[in-house]
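Below: the structure, in structure tokens.
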Amino acid sequence: MAQDNSEPPGVHGPPPGTTAPPDHVKKPQTYEIFPGSQSAEGTTDGQKRPPQPTVTEAFQSIKPDDFFSVHKIPCARQGLMTGIGAGAAVGMGRFVIGGQIPRATNWAFGAFFIGSILQWEYCRMRRANERAAVVRITEVMNEKQAEKQAKATEVASLRQEAEEKSRQESAAKKNWYRFW
């Protein structure tokens, strides 16, 4: 029997019949570098990349006024109130069932977090749907108003033509020998 634990023969170099890649593959020519593409130096268009923001800069961008204006964010109040209610209910329920206080607190926080996010997303979805409905209603109202305007213009032009025609007929019926 042959030995099964022998390793396959090592690969040495490229397969037979292949050649080395041309020089321009390693270093792209000027005509191969398009705006927005990576150049040989790894930057776009030969310019330096802007520095990436750091966590420190992110924390410095938070202002104390941001915490006092949370209630102005659409759906924030509803989401937080739902989260508080869900957290209180689940936490108390978990504690009453026989859980320990730390475990019930974890459940309460998890329910608060999940309830807040779900209510927030649901509220945002409802607002987006409402906004789309308002846009659609506005479009329909504009279309109907344009149709009504076109119909009114058409009726006015038909009425004017009818009046003009009746005046011409009355003028044609008028006898030439009557003076009164």
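Being a predicted model, the structure only gives us computed values, none of them experimental.
- Counting non-hydrogen atoms of neighbouring residues, nucleotides and ligands closer than 6.0 angstrom, the CZ atom of Arg126 exceeds 12 such neighbours.
- Between Trp120 and Pro74, the shortest heavy-atom contact is CZ3-O, 3.5 Å.
- Clustering ILVMFWY residues whenever any of their side-chain heavy atoms sit less than 4.5 angstrom apart, transitively, puts Val90 in a cluster other than the one holding Val96.
- The side-chain heavy atoms of Gln168 and Glu164, taken from C-beta on, include a pair separated by under 4.5 Å.
- For the atom pair CD (Gln160) and CD (Glu163), the distance works out to 7.5 Å, reported to the nearest 0.5 Å.
- In plain terms, the two heavy atoms of Arg124 and Cys75 that are nearest each other are N-SG, 3.7 Å.
- Environment of CD1 in Ile101: sparse, with no more than 12 heavy atoms of neighbouring residues, nucleotides or ligands closer than 6.0 Å.
- A distance of 14.0 Å separates CZ in Phe95 from CZ in Arg103, rounded to the nearest 0.5 Å.
- Within 6.0 Å of the CE atom in Met81, the count of heavy atoms belonging to other residues, nucleotides or ligands does not exceed 12.
- Nearest heavy-atom pair across Ala76 and Val70 is CB-O, 3.5 Å.
- Atom NZ of Lys72 sits about 11.0 Å away from atom CG of Asp66, to the nearest 0.5 Å.
- Shown here for Ser116 and Leu80, the closest heavy-atom pair between the two residues is OG-CA, 4.1 Å.
- Within a 6.0 Å radius of CD in Glu57, other residues, nucleotides and ligands contribute more than 12 heavy atoms.
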- [ ] Test salt bridge (Lys or Arg N to Asp or Glu O under 4.0 Å) on Glu139 and Arg136 and set out the steps.
- [x] CA-CA 5 Å; Glu139 290 173 357; Arg136 179 66 183 140; 3.6 Å; yes

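- Heavy-atom minimum distance, Ala108 versus Gly91: CB-CA, 3.6 Å.
- Contact check on Glu154 versus Lys151 returns no salt bridge, with no Lys/Arg side-chain nitrogen under 4.0 Å from an Asp/Glu carboxylate oxygen.
- Classified by interplanar angle (parallel below 30°, tilted 30° to 60°, perpendicular above 60°), the ring pair Phe109/Phe112 is tilted.
- Open room surrounds CH2 on Trp107; 12 or fewer heavy atoms of other groups in view lie less than 6.0 Å from it.
- The distance from the CD1 atom of Ile62 to the CD atom of Gln60 is 10.5 Å, given to the nearest 0.5 Å.
- Here Arg77 contributes atom CZ and Cys123 contributes atom SG; the two are 11.5 Å apart, rounded to the nearest 0.5 Å.
- Taking both residues in full, the closest heavy atoms of Ala86 and Ala111 are given as O-CB, 3.7 Å, listed atom of the first, atom of the second, then distance.
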